[in-house]
Amino acid sequence: MRSRRILAAVIATAALAGLGLTGATAATAQSGAISPAQCRQGGGTPDFQDFTCKGGTYNGRYLID
């Protein structure tokens, strides 16, 4: 009985860790650099002083050429 509970806890922990890794991967992929045109489409203004998008959907994302 005790071994079944331990096994269930290990499986549950592994499943939750897998979900956490999936969420981290999605967040990393979403936070990629964008073009100045994408920044404008999202309602922001490209700032070429520090190469970031100011305002809008992509606020704070880095700009690429």
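Note that this is a predicted model, so its numbers are computed, not measured.
- Summarising the geometry of Cys53 relative to Tyr58, their closest heavy-atom pair is CB-O, 3.4 Å, with the distance given to 0.1 Å.
- Going from atom NZ of Lys54 over to atom CZ of Arg61 covers 14.5 Å, rounded to the nearest 0.5 Å.
- Minimum interatomic distance between Pro36 and Pro46 (heavy atoms only, all atoms of both residues): O-CG, 3.8 Å.
- Only one option out of Thr52, Thr57, Leu63 pairs with Ile34 in a side chain to side chain contact (heavy atoms under 4.5 Å, CB included); it is Leu63.
- To the nearest 0.5 Å, atoms CZ (Arg40) and OG1 (Thr45) are separated by 8.5 Å.
- Between Gln41 atom CD and Ser35 atom OG the span is 7.0 Å, to the nearest 0.5 Å.
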